[in-house]
Number of protein chains: 2
Amino acid sequence: MLRTHTCGELNISHLDQTVTLCGWVQKSRDLGGTTFIDVRDRYGLTQILLNTDTDAAVRDKARGMGREFVIRVTGKVLERTSKNLKIPTGEIEVAVEELEILNESKIPPFLIEDDTDGGEELRAKYRYLDLRRNPIRNNLVLRHKLAQEVRRYLSDLDFMEVETPVLIKSTPEGARDFVVPSRMNQGEFYALPQSPQTFKQLLMVSGFDRYFQIVKCFRDEDLRADRQPEFTQVDCELSFVTQEDILNIFEGLIRHLFKTTKGIDLGDFPRMQYADAMRLYGSDKPDRRFGMEFVELNDIVKGKNFGIFDSAELVVGINAKGCASYTRKQIDELTEWLKRPQIGATGLIYCRYNEDGTLKSSVDKFYSEDDLTNWAAAFGAEKGDLILILAGNTNKVRKQMNELRLEMGSRLGLRNKDEFAPMWVLDFPLLEWDEETERYHAMHHPFTSPKPEDIPMLDTAPGDVRANAYDLVINGSEIGGGSIRIHDRETQSLMFKHLGFSPEEAQKQFGFLMDAFEYGAPPHGGLALGFDRLCSIFAGLDSIRDVIAFPKNNSGRDVMIDSPSTIAQAQMDELKIKTTI
Amino acid sequence: MLRTHTCGELNISHLDQTVTLCGWVQKSRDLGGTTFIDVRDRYGLTQILLNTDTDAAVRDKARGMGREFVIRVTGKVLERTSKNLKIPTGEIEVAVEELEILNESKIPPFLIEDDTDGGEELRAKYRYLDLRRNPIRNNLVLRHKLAQEVRRYLSDLDFMEVETPVLIKSTPEGARDFVVPSRMNQGEFYALPQSPQTFKQLLMVSGFDRYFQIVKCFRDEDLRADRQPEFTQVDCELSFVTQEDILNIFEGLIRHLFKTTKGIDLGDFPRMQYADAMRLYGSDKPDRRFGMEFVELNDIVKGKNFGIFDSAELVVGINAKGCASYTRKQIDELTEWLKRPQIGATGLIYCRYNEDGTLKSSVDKFYSEDDLTNWAAAFGAEKGDLILILAGNTNKVRKQMNELRLEMGSRLGLRNKDEFAPMWVLDFPLLEWDEETERYHAMHHPFTSPKPEDIPMLDTAPGDVRANAYDLVINGSEIGGGSIRIHDRETQSLMFKHLGFSPEEAQKQFGFLMDAFEYGAPPHGGLALGFDRLCSIFAGLDSIRDVIAFPKNNSGRDVMIDSPSTIAQAQMDELKIKTTI
């Protein structure tokens with residue numbers, strides 16, 4: 001090796017040893033005749049020292065070094081006079097005897113420090129420099145540890161990691177596929193997998209019993225801050241299990257990860273029906289770091305000649321504890337916030353429970369103080385609280401109230417990144433109505449099994465059929481989801497029929513799976529965790545971008561390597577394709 | 001769980017316990033009034049028993065079960081009267097009390113047994129059934145273990161697994177890229193990585209110090225039996241190391257894998273210069289399970305008026321021990337074998353060292369018995385040996401002799417699958433001449449560093465410049481290769497120049513990397529192991545196909561899912577591409 005130790009390794013036990021270190025010049029300062037240089041590598045920072053005892057040629061060389069120069073130094077480990085007990089190497093320094101500049105560096109376009117002056121664009125272009133910064137590198141160290149612990153935990157439970165193919169077949173279900181033109185089969189295309197769903201089910205048919213894979217998946221969707229065209233899943237499938245077994249195993253996995261990487265004991269995860277989550281939080285992924293559950297008010301508020309409430313399908317509110325002091329201006333601002341197109345609420349009704357015990361609402365014309373006392377009771381409100389109410393179509397108003405609840409949670413500081421509230425949401429609907437295409441879509445995917453007792457409703461009330469499907473939610477983020485799958489041809493065909501597939505289409509697209517079900521398919525189910533999202537929650541980040549070494553921007557571009565890019569005409573000719581812009 | 005135990009778990013210690021098993025009906029036989037059924041799962045085989053004590057309805061149900069039915073049985077563990085000590089569960093059987101058919105099975109298209117009657121095509125179409133067979137599943141279990149041990153070994157040495165992107169940029173170097181049209185950046189394409197080479201080098205520039213990844217790579221090349229369009233690499237890179245460090249670490253890895261999965265201690269790996277490997281074996285990946293090294297004969301055979309030898313650039317032979325008894329017919333057949341277009345040798349000269357001590361060659365007209373005695377001495381030949389000689393252009397004749405050596409090794413049974421002969425081949429040439437394009441190509445890749453002392457020859461004798469490059473070879477297969485990389489802009493530019501890139505092209509394609517080299521790039525190097533090939537060697541297989549769960553055939557098709565396939569016009573329209581067949 002070019003070095004005897006790393007820059008994070010030396011301490012008082014190495015005193016007087018002659019060592020060789022390699023690393024980057026973090027910073028350099030002159031104090032009188034002495035130069036102190038912090039040398040950095042992945043493992044830490046070590047102070048090296050040049051003074052009047054140092055060879056003049058070495059000092060000259062050191063004088064020419066700027067930030068981020070790569071150097072190799074040999075010298076003796078000394079005890080520092082002024083110690084820095086915040087870092088493991090802070091009690092020692094190395095008195096330089098030999099110095100070699102392994103590579104020079106131009107002045108970096110932004111500071112390579114924990115707090116940098118670089119903007120997002122610049123840091124993306126020089127991602128390799130941004131990755132030098134501790135906060136970003138630590139995210140990737142954490143990601144590595146999480147992947148290791150996932151593999152350890154699952155392997156110890158007899159899960160086998162099996163690689164499934166990346167070049168597969170395009171299917172009409174789900175999101176948009178990325179496709180890959182085939183040169184050897186001209187006119188045909190591979191697709192990149194949105195998930196290894198059908199392959200893992202085939203592995204169950206093969207008797208693999210317990211499968212997992214940490215695997216890249218791909219979706220060609222318009223990107224939001226928190227989506228990437230390629231993302232990573234912890235993908236799992238098990239045979240001969242019930243839903244209860246799956247929940248226990250993966251609850252155990254998440255607990256194991258928190259215990260081993262953060263020393264946090266999460267305890268048992270609460271479980272909630274999908275229908276209850278929608279009723280109490282207006283969301284299938286409630287942030288349960290705080291309460292502020294919805295209270296439905298139809299029974300209390302209707303029939304008082306207030307048209308908005310009387311005509312509403314649902315009147316629902318939350319209690320913002322301690323917010324009675326909100327000014328009229330603050331409430332107006334909140335009302336405007338709710339009216340933004342992303343949310344689209346038409347009006348906010350409030351009721352203040354003043355410190356003096358009086359109640360004051362924005363609809364005093366229709367409701368007496370007695371009425372308001374009833375409202376307050378329904379919320380368990382106390383002096384100083386502020387009740388916020390929305391009314392309208394059930395689905396819409398729940399979505400709006402969910403946004404408001406999250407916003408109030410943030411404003412009240414109830415969404416602490418160091419607090420973790422995991423939960424299971426159970427019994428999702430099998431199908432959801434799609435306004436645009438005017439047909440039902442599979443809420444999870446077409447391989448999810450309906451609850452046997454609900455199957456008769458497939459014809460009469462398809463939207464009410466519940467699935468054996470579950471989501472794992474942490475702090476309001478869906479971390480993963482899964483289901484007990486269909487494992488017989490008949491039910492699978494029925495499912496495709498209800499999704500609008502003709503028998504021919506179903507056979508063309510998924511015939512291999514339905515055929516497989518006829519050769520002894522075991523009962524099976526599984527789960528997939530969004531690994532990027534999981535890492536970001538562990539790292540306390542809002543976005544997944546900084547738990548990915550080389551992410552793409554919102555236009556799907558890697559601005560560092562400048563990709564995608566045009567390709568040579570010869571390449572297109574060989575593939576028998578052309579562009580039609 | 002639906003079961004209390006797996007089918008590989010029960011033994012004499014479970015006697016009299018009531019257990020529940022799930023699995024597949026492997027086979028069933030009736031002996032008098034008793035039915036014995038072998039139930040199979042991933043973990044093993046357990047015999048279950050139905051007899052006159054069994055409930056009649058249960059016996060009826062059992063009678064309707066065929067091979068590969070999926071069942072669940074509950075019953076008591078009994079000691080067998082006739083034990084099968086070859087399997088862990090062979091001392092017990094389970095007397096069935098309850099029986100549930102979880103799923104039926106049609107008659108499989110081939111036997112689900114270690115030796116199957118299914119042809120390759122049929123097994124590919126029903127891959128999910130082929131994967132049920134023990135030999136295939138065991139390969140994948142082995143692959144899982146190898147991946148686990150690779151990760152364990154490297155993580156313990158501070159290597160961090162980092163995921164690099166799959167959607168990258170097409171580059172003109174190397175093999176043909178698979179490309180992915182971009183919908184968000186119309187007219188542009190991503191490419192799938194042939195390896196994460198530039199990304200891992202950027203991670204070194206980022207100071208990640210030790211990186212690894214078990215990662216899918218892609219090459220759109222015409223397929224041979226042993227190539228797949230998508231394959232898996234163990235990809236590694238290290239900073240601040242010498243070639244010696246890298247060889248030691250990865251020799252340690254391979255030794256660790258053999259030790260932990262096969263209990264074999266491989267000892268130190270021999271090392272050989274590329275030039276010596278070519279001289280002694282005519283190959284940069286010698287199979288050293290056997291000797292039969294080449295002996296060059298120019299000095300001995302020339303000047304005796306035998307035109308073929310006199311005009312040849314190289315006369316070279318091997319000694320086939322104990323083959324003097326080869327008949328004329330056998331030698332003719334060998335000569336024909338050598339003349340096949342794949343090999344293209346024009347003639348084979350032989351010399352028999354007969355058991356009676358006489359020497360007899362096919363060129364006795366030109367060479368006396370004394371001459372032949374000299375030949376024999378050069379080979380260290382003994383009575384009973386057969387010397388085989390080829391002559392011609394050095395490169396061609398070495399390739400031909402390599403084929404002949406391997407063939408004779410196989411015929412003599414010297415290539416035992418349970419024997420392992422690893423080695424390092426060092427100091428590869430930097431460049432190789434490509435007849436077709438009439439220019440030099442990088443022998444490894446354009447990022448490989450030349451030996452500093454050879455750099456001056458880049459202008460005068462580019463083909464003689466040696467690289468800091470090394471290959472790991474086991475049993476005649478290249479398992480991996482790597483190099484110390486270029487880490488400064490100047491040398492990298494020089495390299496691109498010698499590969500025929502204009503400065504503009506080099507900047508357009510690899511500017512991001514050369515730019516990165518200007519911001520403090522550390523000296524670094526690495527290695528990539530072909531994981532599929534490695535697994536196949538451990539499994540004793542000639543092809544990589546059966547260490548891959550869902551491989552593609554020689555036309556790049558997955559015949560099970562029928563991919564690639566045509567896609568919808570709407571998909572192409574969105575991507576702004578069309579096919580031009």
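So you know, we letter chains A, B, ... as the sequences are listed, proteins then strands, and number each from 1. Atom set for the values below is all heavy atoms of this structure, side chains included, hydrogens, waters and symmetry mates excluded.
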Review point. So how far is it from B:R42 CZ to A:M204 CE, rounded to the nearest 0.5 Å?
Key: 8.5 Å
Check your understanding: Quick one: of A:P109, A:G520, A:A568, who has the most non-hydrogen atom pairs under 4.5 Å with chain B?
Key -> A:G520
Point to revise | Which atoms of A:Q509 approach chain B - backbone, side chain, both or neither, heavy atom under 4.5 Å | key: neither
Check your understanding: Of the backbone (N, CA, C, O) and the side chain (C-beta and beyond), which part of B:R40 lies under 4.5 Å from a heavy atom of chain A, both, or neither?
Key -> neither
Study note, to complete from the structure: Those residues at least two apart in sequence (or on a different chain) that pass side chain to side chain contact (heavy atoms under 4.5 Å, CB included) with A:A516 are A:L202, A:V205, B:Y128
Review point. In terms of heavy-atom proximity below 4.5 Å to chain A, should B:V162 be classed as side chain, backbone, both, or neither?
Key: side chain
Exercise for review: Examine whether an atom of B:A521 lies under 4.5 Å from a heavy atom of chain A, and if so say whether it belongs to the side chain, the backbone or both; otherwise answer neither.
Suggested key: both
**Study point:** Among A:V241, A:T580, A:D573, residue most engaged with chain B (heavy-atom pairs, under 4.5 Å)
**Key:** A:T580
Exercise for review: Please name the pair of heavy atoms, one in A:P523 and one in B:L2, separated by the smallest distance, quoted to 0.1 Å.
Suggested key: CG-CD1, 4.0 Å
**Study point:** Option in A:G207, A:A549, A:S105 with maximal non-hydrogen atom pairs under 4.5 Å from chain B
**Key:** A:S105
**Study point:** Heavy-atom contact with chain B under 4.5 Å, split by part of A:K578
**Key:** both
Check your understanding: Minimum heavy-atom separation for A:L167 to B:P229, with atom names?
Key -> CD1-CB, 4.2 Å
Revision key, fill the gap. The interface call for B:F231 against chain A, heavy-atom contacts under 4.5 Å, is neither
Review point. Between the side chains of A:Q148 and B:S155, is a donor N or O closer than 3.5 angstrom to an acceptor N or O?
Key: yes
Point to revise | Side-chain heavy-atom pair A:I561, B:I168 within 4.5 angstrom cut-off | key: yes
Check your understanding: CG of A:L238 to CE of B:M1: how many Å apart, nearest 0.5 Å?
Key -> 7.0 Å
**Study point:** Between A:S170 and B:Q571: side-chain donor-acceptor atoms closer than 3.5 Å
**Key:** yes
Point to revise | From B:L21 atom CG to A:F240 atom CZ, the distance as rounded to the nearest 0.5 Å | key: 10.0 Å
Review point. Do B:T232 and A:E163 get their side chains close enough for a donor-acceptor pair, meaning under 3.5 Å?
Key: yes
Check your understanding: Does any heavy atom of chain B fall under 4.5 Å from the side chain of A:D220, the backbone, both, or neither of them?
Key -> both
Study note, to complete from the structure: Applying a strict 4.5 Å limit to non-hydrogen atoms, the region of A:D515 in contact with chain B is both
Point to revise | Toward chain B, the part of A:F517 with a non-hydrogen atom under 4.5 Å | key: backbone
**Study point:** Per-residue contact mode, B:I249 against chain A (heavy atom under 4.5 angstrom)
**Key:** side chain
Practice item. Would you sort out whether B:E161 and A:R151 count as a salt bridge (charged side-chain N to carboxylate O under 4.0 Å, His left out), showing the intermediate values? Key: CA-CA 12 Å; B:E161 188 160 21; A:R151 288 195 164 97; 3.5 Å; yes
Check your understanding: So do the side chains of B:F550 and A:L203 get within less than 4.5 Å of each other, counting heavy atoms only?
Key -> yes
**Study point:** Part of A:F189 lying under 4.5 Å from any heavy atom of chain B
**Key:** both
Review point. A:L575 versus chain B, heavy atoms under 4.5 Å apart: side chain, backbone, both or neither?
Key: side chain
Practice item. Measure distances from B:F69 to the heavy atoms of chain A and classify the residue's part below 4.5 Å as side chain, backbone, both or neither. Key: neither
Point to revise | Under 4.5 Å from a heavy atom of chain A, the part of B:I136 involved | key: neither
Point to revise | Considering all heavy atoms, the nearest B:R3-A:D209 contact | key: NH2-OD2, 2.7 Å
Review point. Can you list the steps and then say if B:V179 with A:V180 is a side-chain contact (heavy atoms from CB on, under 4.5 Å)?
Key: CA-CA 6 Å; B:V179 298; A:V180 181; over 6 Å; no
Point to revise | Proximal component of A:V25, with respect to chain B [non-hydrogen, under 4.5 Å] | key: neither
Check your understanding: Can you tell which of B:E68, B:H487, B:R72, B:R127 has the highest number of heavy-atom pairs within less than 4.5 Å of chain A?
Key -> B:H487
Practice item. Side-chain contact test, heavy atoms from C-beta onward, threshold under 4.5 Å: evaluate it for A:P564 versus B:K169 and give yes or no. Key: no
Review point. Heavy-atom distance under 4.5 Å to chain B: side chain of A:R152, backbone, both or neither?
Key: neither
Practice item. State plainly whether the residues A:R557 and B:E188 are in salt-bridge range, i.e. N to O under 4.0 Å. Key: yes
Check your understanding: Side chain, backbone, both or neither: which part of A:S565 has a non-hydrogen atom closer than 4.5 Å to chain B?
Key -> both
**Study point:** Pair B:E221 + A:R183, salt bridge at N-O below 4.0 Å
**Key:** no
Point to revise | Heavy-atom contact with chain B under 4.5 Å, split by part of A:K552 | key: side chain
Study note, to complete from the structure: Note: A:Y519 and B:R132 closest approach over all heavy atoms is O-NH2, 2.6 Å
Point to revise | Under 4.5 Å from a heavy atom of chain A, the part of B:I112 involved | key: neither
**Study point:** Residue part contacting chain B, namely of A:D222, when any heavy atom lies under 4.5 Å
**Key:** both
**Study point:** B:D562 portion near chain A, given a 4.5 angstrom heavy-atom threshold
**Key:** both
Check your understanding: Can you say whether A:F159 sits under 4.5 Å from chain B via the side chain, the backbone, both, or neither, judging by heavy atoms?
Key -> backbone
Review point. What part of B:T566 lies closer than 4.5 angstrom to a heavy atom of chain A: side chain, backbone, both or neither?
Key: both
